A.B. asks: 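Structure incoming, see below.
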Protein chains: 2
Amino acid sequence: MVVEAELSDDEVDRIFRALADSTRRDIVRRSLAGEASVSELARAYDMSFAAVQKHVAILEGAGLVTKHPRGRERKVRGNPQAIRRAQAMLDAYEQIWRARVDRLDALLADAPE
Amino acid sequence: MVVEAELSDDEVDRIFRALADSTRRDIVRRSLAGEASVSELARAYDMSFAAVQKHVAILEGAGLVTKHPRGRERKVRGNPQAIRRAQAMLDAYEQIWRARVDRLDALLADAPE
DNA sequence: ATAACCTACAACCAAATGGTTGTGGAAGCT
DNA sequence: AGCTTCCACAACCATTTGGTTGTAGGTTAT
């Protein structure tokens, strides 16, 4: 059974904020496709190693990515669970909208002229 | 036929950034559940009218919400399409992960010892 | 042992964020 | 007309963000 972790506002903030940057989204894509070390990632972007390191740290803080020491490098691995939790949030919003549409439909059905 | 709007990085940035604030997420929820004027929304939060107005403007800039003049007020309406576009983004990430898992499975099948 | 590489972290800086107050215009009410 | 309500926008301020460089520690290779 899937544990439906109650997300605090702060956690949701971090997830969406982490996704609100194209470099970070690209890091997520790469690390979901397969493990990559921080420096491998850094070589892919036109910015300093430290900058990429910070992006990875932000993603890690949001739970979108985990780091795993392998020798002298840290392998970055995407976390599909975090993605699914974000999806669950958006699903909830769509349900709210759907519920509203249903209410309006019911109203029209009750007063059909 | 559904128009699969190609989202620019900037647009995706705006959508996730807009969702990375609990006040704004709450505004989205309310405006998906039903239209509300800016001042109605403002009364719900412990901050100035102008602050709420800015949040609505950010949501509008991200396409998560639309404003509709009704007399002297502007009715704020949630836009489920924008939500779905964000969902599509997250779906794409999950597909990437799934593809990786499939690749690994295939590898194991090919070299079964 | 020395050199090269990978990572972490601090200090710094410009720009963006999230809030405030104040001003002003347009719409509705008495 | 005059007052009130709703909204937009500018100016300002503190904090956060996203980048930089520099320093230092741990790991691998020569």
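No experiment lies behind these values; they were computed from the predicted model shown. Here is how names work: the chains are called A, B, and so on, in the same order as the sequence lines, proteins then strands, and each is numbered from 1.
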A.B. asks: Quickly work out the B/Phe49 CZ to C/dT20 P distance and round it to whole Å.
C.D. replies: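 After rounding, the gap between these two atoms is 13 Å.
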A.B. asks: Could you state the NE2-C1' distance from A/His55 to D/dT17, rounded to the nearest angstrom?
C.D. replies: 10 Å
A.B. asks: How many angstroms lie between OG1 in A/Thr66 and CD in A/Glu35, if you round to the nearest 0.5 Å?
C.D. replies: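 Between A/Thr66 OG1 and A/Glu35 CD, I get 8.0 Å after rounding to 0.5 Å.
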A.B. asks: Report the distance from atom CG of A/Asp21 to atom P of D/dT16, rounded to the nearest whole Å.
C.D. replies: 19 Å
A.B. asks: What does B/Ser37 touch in the nucleic acid at a heavy-atom separation under 4.0 angstrom: a base, only the sugar-phosphate, or nothing?
C.D. replies: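 Sugar-phosphate, backbone atoms only, no base.
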A.B. asks: Give a yes or no on whether a donor-acceptor pair under 3.5 Å exists between the nucleobase atoms of C/dT7, that is its base, and the side chain of A/Arg72.
C.D. replies: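 No.
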A.B. asks: Does A/Arg24 place a side-chain N or O at less than 4.0 Å from the phosphate oxygens OP1/OP2 of D/dG18?
C.D. replies: yes
A.B. asks: Do any side-chain nitrogens or oxygens of B/Ser48 fall under 4.0 Å of OP1 or OP2 in C/dT20?
C.D. replies: yes
A.B. asks: Rounded to whole angstroms, how far apart are CD on A/Glu60 and P on C/dC9?
C.D. replies: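 It works out to 10 Å between those atoms.
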A.B. asks: Measure from CD on B/Gln53 to P on D/dC9 and round the result to the nearest Å.
C.D. replies: 8 Å
A.B. asks: Could you tell me how far apart A/Lys75 (NZ) and C/dT7 (P) are, to the nearest whole angstrom?
C.D. replies: 9 Å
A.B. asks: Can you tell me how far the NE2 atom of A/His55 sits from the OH atom of A/Tyr45, to the nearest 0.5 Å?
C.D. replies: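 With rounding to 0.5 Å, NE2 (A/His55) is 9.5 Å from OH (A/Tyr45).
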A.B. asks: Quick one: do A/Arg98 and A/Asp102 make a salt bridge, cutoff under 4.0 Å?
C.D. replies: no
A.B. asks: If you find the nucleotide of DNA chain D closest to B/Arg43 and the one closest to B/Arg17, which residue's nucleotide is nearer the 5' end?
C.D. replies: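 The 5'-side residue here is B/Arg43.
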A.B. asks: I'd like to know if A/Glu40 and A/Arg30 make a salt bridge, using a cut-off of under 4.0 Å between side-chain N and carboxylate O.
C.D. replies: no
A.B. asks: Please find the pair of heavy atoms, one from A/Asp9 and one from B/Ser22, that lie closest to each other, and give the distance.
C.D. replies: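 Of all heavy-atom pairs spanning A/Asp9 and B/Ser22, the closest is OD2-CB, 3.3 Å.
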A.B. asks: What is the distance from NZ of A/Lys54 to P of C/dT7, rounded to the nearest Å?
C.D. replies: 17 Å
A.B. asks: Figure out the CZ/P separation between A/Arg70 and C/dT7, and round it to whole Å.
C.D. replies: 12 Å
A.B. asks: A/Ala57 near the nucleic acid: base, sugar-phosphate alone, or nothing, with a heavy-atom cut-off under 4.0 Å?
C.D. replies: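 A/Ala57: no heavy atom of the nucleic acid under 4.0 Å.
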A.B. asks: If only side-chain N and O atoms of A/Ser39 are considered, is one of them under 4.0 Å from the OP1 or OP2 phosphate oxygen of C/dT7?
C.D. replies: yes
